[in-house]
Chemist: 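Encoded as structure tokens, here's the structure I'll be asking about.
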Amino acid sequence: MGEFSGKTVFITGAAKGQGRAVALAFAREGANIVGFDLEKPIAYPAYNNSTSKELLLLKKDIEALGANADVYGGDVRRAKDVERAVAGGVGTFGTIDVLFNNAGICAYGLAHELTEPNGMR
């Protein structure tokens, strides 16, 4: 049993890079993982090209370690997407104990003037 056995970790930007590495590290320590990332590339900013295929591969790799995973596609800039993933994770695992807010999408402008993007789905 690892240090996070029985705990549930919610990770944004989980499909690739640092988010993926953190998800696998927590899984090795016995945590349940709720992974959240884009399910398809977005037009702006163009640097993030995560896909649902990468999320499903993450789930498979976590389960191969003997841990449990639930993955969700969406955009961290859309509250409904995040709320859906949180509700799903809580529904599956009962609670979320740790948040690892790794996703980063850079949008330029004054914070109070930015709005949620439209048309992701």
Side-chain angles (χ1 to χ4, degrees):
M1 292 292 161
E3 183 176 348
F4 289 90
S5 181
K7 302 292 184 186
T8 299
V9 181
F10 186 99
I11 303 168
T12 63
K16 295 173 30 176
Q18 178 176 296
R20 178 181 170 77
V22 166
L24 294 171
F26 273 114
R28 285 185 195 97
E29 291 298 320
N32 302 312
I33 305 299
V34 179
F36 181 82
D37 208 326
L38 290 170
E39 54 196 343
K40 63 183 179 181
I42 57 176
Y44 175 81
Y47 60 80
N48 190 323
N49 57 0
S50 296
T51 66
S52 57
K53 180 179 177 181
E54 290 162 324
L55 274 171
L56 293 174
L57 178 59
L58 173 66
K59 179 178 173 61
K60 179 181 171 185
D61 290 346
I62 288 169
E63 291 172 347
L65 294 171
N68 299 306
D70 207 1
V71 295
Y72 296 88
D75 188 332
V76 294
R77 300 172 298 171
R78 296 183 65 188
K80 287 182 180 181
D81 289 357
V82 176
E83 290 166 358
R84 179 179 46 80
V86 168
V90 170
T92 300
F93 299 117
T95 187
I96 293 175
D97 302 293
V98 178
L99 300 175
F100 192 89
N101 297 312
N102 176 67
I105 295 179
C106 183
Y108 297 98
L110 300 174
H112 67 280
E113 293 176 352
L114 297 175
T115 60
E116 290 187 1
N118 294 317
M120 177 80 177
R121 286 179 228 257

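Predicted, not measured: the structure shown is a model, and the values here were computed from it. Along the sequence shown, residues carry numbers from 1.
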Chemist: Compare every heavy atom of I62 with every heavy atom of A27, then report the nearest pair and how far apart it is.
Modeler: CB-CG2, 3.8 Å
Chemist: Would you say I33 and F100 are hydrophobically clustered, going by side-chain heavy atoms of ILVMFWY under 4.5 Å?
Modeler: yes
Chemist: Please examine the side chains of D97 and V9, heavy atoms only from C-beta on, and report whether any two atoms are closer than 4.5 Å.
Modeler: no
Chemist: Answer yes or no: is there a donor N or O on one side and an acceptor on the other, between the side chain of E3 and the main chain of E29, under 3.5 Å?
Modeler: no
Chemist: List, by chain and then residue number, the residues other than V71 in its hydrophobic cluster (Ile/Leu/Val/Met/Phe/Trp/Tyr, side-chain heavy atoms under 4.5 Å); write none if there are no others.
Modeler: L55, L56
Chemist: Does V34 have any side-chain contact (heavy atoms from CB on, under 4.5 Å) partners at least two apart in sequence or in another chain, and if so, which?
Modeler: T8, F10, Y72, F93
Chemist: Mind listing the closest non-hydrogen atom pair of D75 and D81 along with its distance?
Modeler: N-OD2, 2.9 Å
Chemist: Return the set of residues passing side-chain contact (heavy atoms from CB on, under 4.5 Å) with A14 (not counting sequence neighbours), or none when no residue passes.
Modeler: I11, L58
Chemist: Drop me the distance from L99's CG to F36's CZ, to the nearest 0.5 angstrom.
Modeler: 12.5 Å
Chemist: Between T51 and E39, is there a donor-acceptor pair closer than 3.5 Å when you use the side chain of the first and the backbone of the second?
Modeler: no
Chemist: Indicate the atoms forming the closest heavy-atom contact of A67 with A31, along with that distance.
Modeler: CB-O, 3.6 Å
Chemist: Are more than 12 heavy atoms from other residues, nucleotides or ligands located less than 6.0 Å from atom NZ of K59?
Modeler: yes
Chemist: What pair of heavy atoms forms the shortest contact from A103 to G13, and how long is it?
Modeler: CB-N, 3.6 Å
Chemist: Do F4 and L24 belong together in a cluster built from hydrophobic side chains that touch within less than 4.5 Å?
Modeler: yes
Chemist: Keeping the roles fixed (side chain from R84, backbone from G73), state whether a donor-acceptor pair exists under 3.5 Å.
Modeler: yes
Chemist: How long is the straight-line distance from NZ of K7 back to CG of N32, given to the nearest 0.5 Å?
Modeler: 11.0 Å
Chemist: Output the distance between atom CG (L57) and atom CZ (R20), rounded to the nearest 0.5 Å.
Modeler: 5.0 Å
